[in-house]
Amino acid sequence: MPKSPNTIDGRLWDELRHAAGEGNVTHDLIDLVSYSYDASDHFGRPQAGVWATDTHQVSRIMEWAQRHRVPVLPRGAGTSLSGMTVPAAGGIVLDMNRMNRILALRVPDRLVIVQPGVVYANLQKALAPLGFFFPPDPASGSVCTIGGNVATNAGGIRGAKYGVTQDYVLGLEVVLADGRIMRTGSKCMKSVSGYDLTKLFVGSEGTLGVVTEVTLKIHPLPRHTVTASIAFEQLSDAGRAVSQIVQAGIVPCVMEIVDSVCVGILRRQAELEVPDVEALILLESDGQTEGEAVQEMERALAIATECGGTHLKRARSREEAAKLWRARRALGSIITRLRPSFSVEDVTVPISRVPELLSVVQDISRRHKVEIATMGHAGDGNLHPAFTFDRSNPDEVHRVEDAASELFKATIELEGTITGEHGIGLSKAQYLAWEHDATALKMMKALKRTFDPHGILNPGKMALDD
Ligand SMILES: Cc1cc2nc3c(=O)[nH]c(=O)nc-3n(C[C@H](O)[C@H](O)[C@H](O)COP(=O)(O)OP(=O)(O)OC[C@H]3O[C@@H](n4cnc5c(N)ncnc54)[C@H](O)[C@@H]3O)c2cc1C
């Protein structure tokens with residue numbers, strides 16, 4: 001991985017200021033410290049921060065960076081949970097937040113064209129009055145950016161029915177490592193013209209190029225939703241209910257599972273009236289008619305009840321449903337405050353193997369004596385076991401690390417993936433080779449070299465550098 005020149009001399013900075021434009025480069029300590037973190041516990045300080053303002057400016061900056069072999073890290077809101085937004089090799093952080101315009105809302109074409117710094121929630125606000133939405137729904141939506149969503153292939157609780165970011169990206173404008181500007185994809189609902197470079201960039205964690213424009217497919221907003229929760233005395237019964245609902249051909253737009261630790265939090269800290277049980281399933285059905293949504297929910301609840309579900313509770317109003325989802329969303333942040341440190345994983349398995357994964361997590365927690373709270377988007381097989389611990393206790397840290405590696409190994413044995421949402425970044429770089437065979441890894445490294453021969457784009461991430 002290239003090391004940022006420790007002593008970038010005054011002439012180089014002058015050149016960068018010239019390329020980026022007056023007022024767009026910062027060396028202020030307060031900025032550099034802010035750019036040193038994301039939402040993980042990794043840290044790395046850059047030598048400068050640069051505000052991106054337009055595609056041609058980004059092109060000039062990349063041309064400068066490649067010429068001088070300076071690492072560049074594109075940054076959206078910095079909410080990565082895997083350290084992918086931490087400058088591991090110094091260099092410059094390229095802050096995309098000022099490129100935040102919605103360029104076109106083309107409802108008859110079912111698409112929008114946006115700059116990468118558009119905040120996810122602002123796009124939804126613009127689309128809702130038109131009766132449309134961008135379906136992937138990361139829980140960080142109030143702050144994260146569309147560029148970040150694209151670079152991480154973000155998903156969320158609606159994934160089972162509506163998919164993830166890659167299902168909606170029609171085309172991109174990208175600035176390559178040497179400053180060339182490239183367009184991928186099209187403005188069409190379908191295209192099989194050439195290799196799919198758009199998909200290659202989705203989820204590439206800022207390691208292949210800087211995304212400067214995104215064309216997204218949009219979806220009509222469902223007019224009706226029905227929300228319910230159902231409790232289970234046994235976690236395994238909840239897991240069985242999930243796979244049987246799916247097997248019956250029912251795809252609720254949300255099917256979340258939470259374990260007993262999370263149930264306790266919902267009862268005590270989120271003030272939700274739920275019974276003291278091993279697991280809860282939270283369900284939402286949607287449709288263009290009320291009948292469609294209600295019928296789907298009835299079928300799902302009948303199966304859940306057959307699998308041992310009790311204390312069935314239907315939300316009687318929008319407010320009640322909103323309270324449930326607020327509490328579910330709050331779980332993550334409450335868990336972060338339970339102990340001094342936490343790490344949340346996003347292991348994902350084929351849906352029928354969710355019950356096995358749940359029992360693996362329980363077993364690992366018991367054997368390694370680590371506290372794990374598990375919640376997850378069970379409808380697409382994606383679980384979030386959250387480890388809570390004290391980083392100042394080396395023994396505990398060691399047990400958590402062992403437990404996490406065991407979790408990854410078991411997930412892969414269940415035909416799963418070590419990351420369904422949060423990406424590889426720094427946190428899981430050492431495990432990438434567990435999941436992919438040597439030939440696949442070689443091809444990934446070859447692609448990285450093709451797009452970024454000098455390894456200046458987000459070096460150190462995904463363990464793909466030479
Ligand atoms: C509380 C919380 C809840 C979360 N919930 C979810 C969830 O439900 N689902 C989910 O998928 N994730 C979730 N995340 C993780 C994170 O929010 C997502 O990965 C999100 O997509 C990151 O967006 P961002 O703007 O913060 O990107 P950043 O963290 O700034 O960047 C992420 C990566 O994208 C790259 N990048 C950013 N912009 C560009 C660009 N223009 N061009 C090229 N590369 C770029 C960066 O280099 C980095 O590698 C959550 C995080 C938090 C803190």
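Numbering of ligands and ligand atoms starts at 1, following listing order.
Below 3.5 Å of separation, one finds an N or O of E205 facing an N or O of ligand 1.
When non-hydrogen atoms are compared, ligand 1 lies under 4.0 Å from the backbone of P138 as well as from its side chain. Here T145 has heavy atoms under 4.0 Å from ligand 1 in both its backbone and its side chain. At a 4.0 Å heavy-atom cut-off, ligand 1 does not touch N153 at all.
When each atom of ligand 1 is checked for a heavy atom of A139 under 4.0 Å away, the hits are 3 (C), 5 (N), 6 (C), 7 (C), 8 (O). Close approach of ligand 1 to G155 (heavy-atom distance below 4.0 Å) involves ligand atoms 7 (C), 8 (O), 9 (N), 10 (C), 11 (O).
Scanning both residues, D286 and K161, for their nearest heavy atoms gives OD1-NZ, 2.6 Å. When all heavy atoms of C262 and I335 are compared, the pair lying nearest together is SG-CD1, 4.2 Å.
At a 4.0 Å cut-off, at least one heavy atom of G78 sits close enough to ligand 1 to count as contact. Proximity of G209 to ligand 1 is established by a heavy-atom distance of less than 4.0 Å.
Protein heavy atoms all stay at least 4.0 Å away from atom 1 (C) of ligand 1.
With hydrogens left out, the protein atom closest to atom 51 (C) of ligand 1 is T79 O, 3.3 Å, a heavy atom.
The aromatic rings of Y37 and F43 are tilted relative to each other, their planes meeting at an angle between 30° and 60°.
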